[in-house]
Amino acid sequence: MVEESILKELIKGAIDARSKAYAPYSGYKVGAAVLSLDGEIFTGCNIENASYGLTNCAERTAIFKMVSEGKYEIKAMAIIGSGDTPAFPCGACRQVISEFASGDTEIFVLYSEDKYEVYKLKDLLPHTFKLD
Ligand code: THU
């Protein structure tokens, strides 16, 4: 469970990050914020490319920022898309989240600042691919 005040910060982080999205091709801006297990917040936006397939989703931007700062465990995540429908993480992002999260990690899928749904990773991505 994430404390109310931390969740507010996480949501604010996702919203702020969305404002930095580079999405000239789709026009669809996404923001994400990751809370590391030790309580730090990392944010990210989607970054598109003229070679469309090179686009990086907001979730992966935030996670890669966390990992490149030496943190490897996600406690919770918040994601916000554009418009009033929630942006669920795409399949590729779910797999990347699973690399650094547990099945019980909470994913807050936002409609707006004060409306969201919360899912456990194991419900978004059952039977995760893992090498072990
Ligand atoms: N996008 C994300 O940032 N996260 C997702 O989980 C799904 C899609 C972005 C990629 C692209 O820039 C835009 O949304 C439209 O697909």
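Counting starts at 1 for both ligands and their atoms, in listed order.
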Open item on the list: Just to confirm my output: which protein heavy-atom neighbour is closest to atom 3 (O) of ligand 1, and how far is it?
Closed with: A58 N, 2.9 Å

TODO: Give me the ring orientation class for F108 and Y116: parallel if the planes are under 30° apart, tilted from 30 to 60°, perpendicular past 60°.
DONE: perpendicular

TODO: Taking atom types as modelled, find out whether S102 and D104 have a side-chain donor-acceptor pair closer than 3.5 angstrom.
DONE: no

Open item on the list: Does M77 form a side-chain contact (heavy atoms from CB on, under 4.5 Å) with I63? I'd like the steps, not just the answer.
Closed with: CA-CA 9 Å; M77 248 187 117; I63 292 168; 4.2 Å; yes

Open item on the list: How far is atom 10 (C) of ligand 1 from the closest protein heavy atom, and which atom is that?
Closed with: T55 CG2, 3.8 Å

TODO: Would you mind listing which atoms of ligand 1 come within a distance below 4.0 Å of any non-hydrogen atom of E48?
DONE: 11 (C), 12 (O), 13 (C)

Open item on the list: So if I count the atoms of ligand 1 from 1 in the order they appear, which ones are less than 4.0 Å from some heavy atom of F88?
Closed with: 6 (O)

Task: Hphob cluster co-occupancy, F42 + I97, side-chain heavy atoms under 4.5 angstrom - done: yes

Task: Working for side-chain hydrogen bond (donor to acceptor under 3.5 Å, both in side chains), residues S36 and D38 - done: CA-CA 5 Å; S36 65; D38 63 353; 2.5 Å; yes

Open item on the list: Under 4.0 Å from a heavy atom of P89: which atoms of ligand 1 are those, numbered in the order shown and with their elements?
Closed with: 6 (O)

- [ ] Evaluate the 4.0 Å heavy atom contact test for atom 6 (O) of ligand 1: does a protein atom fall under the cut-off?
- [x] yes

Task: Side chain to side chain, I47 and T61, heavy atoms closer than 4.5 Å - done: yes

TODO: Work out whether the distance between some heavy atom of A23 and some atom of ligand 1 is less than 4.0 Å.
DONE: no

- [ ] Output the list of atoms in ligand 1 that are nearer than 4.0 Å to some heavy atom of V30, sorted by atom number.
- [x] 1 (N), 2 (C), 3 (O), 9 (C), 14 (O)

Task: Shortest protein contact, atom 8 (C) of ligand 1 (heavy atom only) - done: C57 SG, 3.9 Å

Task: Contacting atoms of ligand 1, where contact means under 4.0 angstrom from a heavy atom of S26 - done: 13 (C), 15 (C)

TODO: List the closest protein heavy-atom neighbour of atom 9 (C) of ligand 1: residue, atom name, distance to the nearest 0.1 Å.
DONE: N46 ND2, 3.7 Å

Open item on the list: Can you name the atoms of ligand 1, numbered from 1 with element, that are less than 4.0 Å from a heavy atom of E59?
Closed with: 2 (C), 3 (O), 4 (N), 5 (C), 6 (O)

Open item on the list: Testing the basics here: between A32 and A17, what is the closest heavy-atom pair and its distance to 0.1 Å?
Closed with: O-CB, 4.1 Å

TODO: Test F88 against E117 for side-chain contact (heavy atoms from CB on, under 4.5 Å), laying out the working first.
DONE: CA-CA 10 Å; F88 282 88; E117 288 167 358; 3.8 Å; yes

Task: Name of the residue among V30, L121, L124, L125 meeting side chain to side chain contact (heavy atoms under 4.5 Å, CB included) with P89 - done: L124

- [ ] Evaluate the side-chain proximity of F64 to V96: yes if any heavy-atom separation is below 4.5 Å, no if none is.
- [x] yes

TODO: Run the contact test for Y25 against ligand 1 with a 4.0 Å cut-off on heavy atoms, strictly below, and give the result.
DONE: no

TODO: With heavy atoms of Y28 as the reference, note each atom of ligand 1 found under 4.0 Å away.
DONE: 13 (C), 14 (O)

- [ ] Please confirm whether C93 comes within less than 3.5 Å of ligand 1 when only nitrogen or oxygen atoms on both sides are compared.
- [x] no

